[in-house]
Amino acid sequence: MQNPWLNIPLSEYESHMALPRVDQAAMTAAEFAAALSLFTPESVAVIGCAGGNGFDAIPASTLRVVGVDINPDYVSLTAERYMGRISGLEFHVADIQSDVLPFTPVDLIYASLVFEYVALAESLENLARVCRPGGHLVTLLQLPSATMGALTPSPYGSIQLLTPLMRLVPPSELASLAESVGFQLESSKTVTIKSGKSFVIQAYCRL
Ligand SMILES: C[S@@+](CC[C@H](N)C(=O)[O-])C[C@H]1O[C@@H](n2cnc3c(N)ncnc32)[C@H](O)[C@@H]1O
């Protein structure tokens, strides 16, 4: 079966994320900015980069920026948006659960709202290979809500294609699998946005 992300136009995904009742894009961009300022990486990889949400906050001191996504259209649109504005930019179309990621290891990996859609163990093994020892992995997971479904209802029909694929990952499950491939949990915090949805942000150090 084809991955449903290949059938969701970027315009629909971004319009969905910008709906007032979803409103997650600003939060995920803010968490990326916070990770950049905490770890001041020379190189960063954004896994599941979609349209480059948060790329505006990448400082000039970050010399290499790697965007990875399974959807080739997202990658070309994001390249068009940011080529020439951010130096050291490279993009890869890859499925993080099955492809060996074709770039040299980076100081920081940011993986926001992507583990909900992949085989976790395989993806973490692949990510461990592209994080340099002493580097960091920052993850952002959606938590279940007592009052809201995992996928917010949307006028953008293609978003519903994600229903059979999406699985909310318990942060403890991520931490335990991450540890098994060499990522040590350093910090964890919960953020709740206006809609009432909560998210966990974990930072790991690559041993
Ligand atoms: C929910 S969006 C998150 C976008 C962005 N990281 C954010 O937090 O705003 C998930 C992104 O991960 C990508 N994605 C999903 N499965 C993937 C896979 N197996 N390999 C690579 N990218 C994947 C999707 O195409 C999409 O761009």
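Atoms within each ligand, like the ligands themselves, are counted from 1 in listed order.
At least one N or O atom of I96 sits closer than 3.5 Å to an N or O atom of ligand 1. Checking only distances, D69 does come within under 3.5 Å of ligand 1, N or O to N or O. Here's the thing with V114: none of its N/O atoms is less than 3.5 angstrom from an N/O atom of ligand 1. For a threshold of 3.5 Å applied to N or O pairs, the pair formed by Y117 and ligand 1 contains no separation below that value. Taking only nitrogen or oxygen atoms, main chain and side chain alike, S112 reaches within less than 3.5 Å of ligand 1.
Between atom 6 (N) of ligand 1 and the options G52, P4, G48, the minimum heavy-atom separation is to G48.
Without hydrogens or angle criteria, N71 side chain to A50 main chain gives no donor-acceptor distance under 3.5 Å. R81 places a side-chain N or O within 3.5 Å of a backbone atom of G51 that can act as its donor or acceptor partner. Side-chain atoms of D107 never come within 3.5 Å of backbone atoms of G135 as a donor-acceptor pair (strictly under, hydrogens ignored).
Between L89 and F91, the closest heavy-atom pair is CG-CE1, 3.6 Å.
Of all protein heavy atoms, the one closest to atom 21 (C) of ligand 1 is A94 O, 3.2 Å. Among all protein heavy atoms, the one lying closest to atom 22 (N) of ligand 1 is I70 N, 3.2 Å.
Using a 4.0 Å cut-off between charged nitrogen and carboxylate oxygen, R167 and E173 count as a salt-bridge pair.
Of all atoms in ligand 1, numbered sequentially from 1 with element shown, those under 4.0 Å from a heavy atom of Y74 are 25 (O), 27 (O).
For the pair V68 and ligand 1, no heavy-atom separation below 4.0 Å is found. Distances from ligand 1 to the non-hydrogen atoms of Y110 include no value under 4.0 Å.
Under 4.0 Å from ligand 1, not a single heavy atom of A111 appears.
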